[in-house]
S.K.: 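Below are the structure tokens for one structure; questions will follow.
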Amino acid sequence: MTTIQTVRARQVLDSRGNPTVEVDVVLSDGSLGRAAVPSGASTGSYEAVELRDGDPKRFGGAGVLKAVENVRGEIARAVVGRSATDQQGLDETLKRLDGTPNKARLGANAILGVSLATACAAAVSRKLPLHRYLAEQVAPAVLGGPVQPSTPVPQFNILNGGKHAAGSVDIQEFMVLPVGAPTFSEALRAGAEIYQALKRVLRKQGHSTNVGDEGGFAPAIGTNREAVQAVHDAVREAGYSPGSEVALGLDVAASELFRDGAYHLAREGGSLTSAQWADYLEGLARDFPIISIEDGMAEDDWDGWRLITARLSGRVQLVGDDLYTTNVTRLKRGVETHASNAILLKVNQIGTLTETLEAMAIARKAGWGTVVSHRSGETEDTFIADLAVATGAGQIKAGAPARSERVAKYNRLLRISEELGSEARYAGREAFAHLKSSVVSLPF
């Protein structure tokens with residue numbers, strides 16, 4: 001049995017220049033695993049707690065030295081000597097050690113760093129690529145059986161709004177999904193070519209091509225509809241067929257728009273009831289080949305979620321992010337009430353690898369789509385790329401095909417595809433098999 005021998009932690013910077021936690025786990029055979037923890041800007045109220053120092057004299061209060069010390073001290077004492085390959089046992093130990101329902105005492109950022117770094121170290125010890133180790137020795141125990149790995153459909157966030165880009169439109173992300181590509185490498189090529197085409201389209205329209213937090217362009221464009229049209233035009237400009245080859249997606253981040261029982265559009269003006277907002281989104285999905293809408297309703301607007309799902313679930317993926325925050329309790333409520341038909345999975349929303357897999361297992365049993373996701377504050381860590389392949393998640397969000405912290409995930413997926421060789425299977429349209437009649441088949 002290979003055991004955990006040493007646990008180290010340090011404060012590093014994320015892609016927004018804010019501190020985050022990085023953890024090294026060294027095993028008794030010398031194997032080293034390392035993980036850096038991401039951080040969100042548009043965060044759900046029900047996410048596990050990211051422990052920050054609150055010292056205004058250091059990083060404006062955003063330092064993570066308390067979380068680092070928790071790793072070096074209390075957490076290290078609890079996990080040193082444990083088996084590195086007992087991921088479920090390790091994660092349960094970390095949860096019990098913290099003792100709170102949202103990991104507020106030790107910090108989800110401290111706990112997650114140890115959880116992921118241990119998995120990485122165990123993979124090194126077993127002389128397996130991380131995706132192989134996760135697929136063969138971690139995921140099956142939680143997901144309830146063998147997993148068929150696949151390379152995921154990337155959701156490229158090529159135009160940023162909302163909290164990711166001040167001065168842009170109200171909707172947070174406008175994405176392209178190369179559902180018709182034959183391989184992941186061709187999907188990545190499509191995303192990169194459309195990204196460059198969008199730059200040309202925006203320049204022709206006289207817009208800025210500065211970028212937001214996730215690498216997408218952040219123009220001061222007029223309306224959400226105009227933003228969708230620009231992305232649609234970019235798909236054609238790049239030589240692809242909207243709908244059949246490349247579908248569109250939105251991350252509304254509707255909780256950021258919701259207050260006093262209504263949805264408020266700062267850029268376009270006015271406020272809308274849940275029913276009116278559902279009409280608005282349904283209109284976009286009717287007029288453009290949109291296959292996925294994430295956080296279309298606010299995190300506590302359960303009636304709104306049921307309404308939009310009842311209207312669109314046959315042809316559009318309705319993804320709960322802030323709604324569920326990778327939390328199995330909230331997810332079970334969503335399944336029982338038919339509040340959506342897909343879930344976004346973010347390891348730092350819940351704080352351990354095992355809990356992330358548990359949420360995936362529940363979603364799969366319900367016949368839902370699953371999307372493994374990055375955060376707006378990212379690092380060069382590529383764990384989620386291996387996780388998406390190992391679990392056959394079908395879809396991944398890692399931002400635009402630009403900025404090294406985003407591209408690192410896409411390049412890792414290229415390398416995994418090469419390692420898999422003839423075993424490599426691109427999810428493509430199959431990633432949306434949970435939809436009754438997919439928009440990707442329509443001749444847009």
Side-chain angles (χ1 to χ4, degrees), residues 150-159 171 173-202 204 214-217 225-251 284-294 312 314-319 342 369-372 385 388-389 392-402 406-407 409-411 413-414 416-417 424-444:
S150 65
T151 52
V153 175
Q155 297 189 10
F156 295 109
N157 175 14
I158 63 172
L159 196 152
I171 289 178
E173 299 177 14
F174 299 81
M175 298 173 285
V176 290
L177 291 73
V179 293
T183 63
F184 176 79
S185 62
E186 286 299 292
L188 182 57
R189 179 171 75 90
E193 291 176 349
I194 295 166
Y195 181 78
Q196 298 300 333
L198 179 58
K199 179 185 285 189
R200 296 192 297 272
V201 168
L202 293 173
K204 288 177 185 176
E214 297 185 359
F217 299 112
R225 179 173 285 272
E226 288 175 32
V228 178
Q229 185 67 59
V231 172
H232 185 271
D233 292 346
V235 174
R236 289 198 181 280
E237 170 79 11
Y240 294 94
S241 173
S244 60
E245 291 183 298
V246 178
L248 307 187
L250 303 175
D251 176 2
L284 292 177
R286 179 185 62 244
D287 297 339
F288 296 97
I290 293 173
I291 196 174
S292 182
I293 299 177
E294 178 186 332
L312 295 177
R315 59 191 181 91
V316 178
Q317 175 176 259
L318 287 313
V319 187
T370 55
V371 188
V372 171
V389 172
Q395 300 169 68
I396 190 170
K397 283 183 68 180
R406 315 293 156 183
V407 172
K409 281 71 166 172
Y410 297 131
N411 286 343
L413 286 166
L414 285 176
I416 293 173
S417 298
R425 179 178 63 86
Y426 178 59
R429 291 183 176 86
E430 291 180 17
F432 300 92
H434 56 290
L435 303 181
K436 295 175 183 175
S437 57
S438 176
V439 70
V440 299
S441 64
L442 299 178
F444 285 90

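For reference, positions follow the sequence shown, starting with 1.
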S.K.: Could you report the tightest heavy-atom contact between A427 and G394, atom names first, then the distance?
M.R.: CB-O, 3.6 Å
S.K.: E237 side chain to D233 main-chain N or O, any donor-acceptor pair under 3.5 Å?
M.R.: no
S.K.: Under a 4.5 Å cut-off applied to non-hydrogen side-chain atoms, are L177 and F156 in contact?
M.R.: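 Counting from C-beta outward, L177 and F156 never come under 4.5 Å.
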S.K.: Taking G399's backbone N and O only, do any of them form a donor-acceptor pair with Y410's side chain (distance below 3.5 Å, no angle check)?
M.R.: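 Side chain of Y410 to backbone of G399: a pair is present.
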S.K.: Where is the tightest heavy-atom contact between A393 and V372, given as atom of each residue plus distance?
M.R.: CB-CG2, 3.7 Å
S.K.: Could you tell me whether the side chain of N157 reaches within less than 4.5 Å of the side chain of R406, counting heavy atoms only?
M.R.: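 SC-SC contact between R406 and N157 ruled out.
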S.K.: Would you call K397 and E294 a salt bridge, taking side-chain N to carboxylate O under 4.0 Å as the test?
M.R.: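 Looking at K397 and E294, the cut-off is met.
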S.K.: Taking all heavy atoms of A342 and all of H434, pick out the closest pair and write down the distance.
M.R.: CB-NE2, 4.5 Å
S.K.: What residues, two or more places apart in sequence or in another chain, satisfy side chain to side chain contact (heavy atoms under 4.5 Å, CB included) together with T151?
M.R.: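 T151 satisfies side chain to side chain contact (heavy atoms under 4.5 Å, CB included) with F184, V389, S417, Y426 once adjacent residues are dropped.
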S.K.: Could you report the tightest heavy-atom contact between I171 and L250, atom names first, then the distance?
M.R.: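 For I171 and L250, the tightest heavy-atom pair comes out as CD1-CD1, 4.3 Å.
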S.K.: Measure the spacing between CD of E173 and CD1 of I158 and express it to the nearest 0.5 Å.
M.R.: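 Rounded to the nearest 0.5 Å, the CD-CD1 separation comes out at 11.5 Å.
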S.K.: Can you tell if the side chain of D287 reaches within under 4.5 Å of the side chain of R225, non-hydrogen atoms only?
M.R.: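 Counting from C-beta outward, D287 and R225 do come under 4.5 Å.
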S.K.: Testing the basics here: between A247 and I291, what is the closest heavy-atom pair and its distance to 0.1 Å?
M.R.: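 Nearest pair, atom of A247 first, then I291: CB-CG2, 3.6 Å.
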S.K.: Checking L248 against V176 for the side-chain contact (heavy atoms from CB on, under 4.5 Å) test, could you report, in this order, the C-alpha distance in whole Å, the side-chain angles of both residues, the deciding distance, and whether it holds?
M.R.: CA-CA 5 Å; L248 307 187; V176 290; 4.0 Å; yes
S.K.: Short question: side chain of R429, backbone of S244 - any donor-acceptor pair under 3.5 Å?
M.R.: yes
S.K.: Apply side chain to side chain donor-acceptor pair (under 3.5 Å) to the pair Q395 and Q317, showing each step before the final yes or no.
M.R.: CA-CA 12 Å; Q395 300 169 68; Q317 175 176 259; 2.8 Å; yes
S.K.: Are the side chains of L188 and P154 in touch, meaning some heavy atoms are under 4.5 Å apart?
M.R.: no
S.K.: Side-chain contact test, heavy atoms from C-beta onward, threshold under 4.5 Å: evaluate it for I396 versus L413 and give yes or no.
M.R.: yes
S.K.: Is the shortest heavy-atom distance from the side chain of V319 to the side chain of D251 under 4.5 Å?
M.R.: no
S.K.: List the atom of A234, the atom of A197, and the distance in Å for their closest heavy-atom pair.
M.R.: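 Looking at all heavy atoms of both residues, the closest pair is O-CB, 3.5 Å.
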S.K.: Does some side-chain heavy atom of M175 sit less than 4.5 Å from a side-chain heavy atom of S292?
M.R.: no
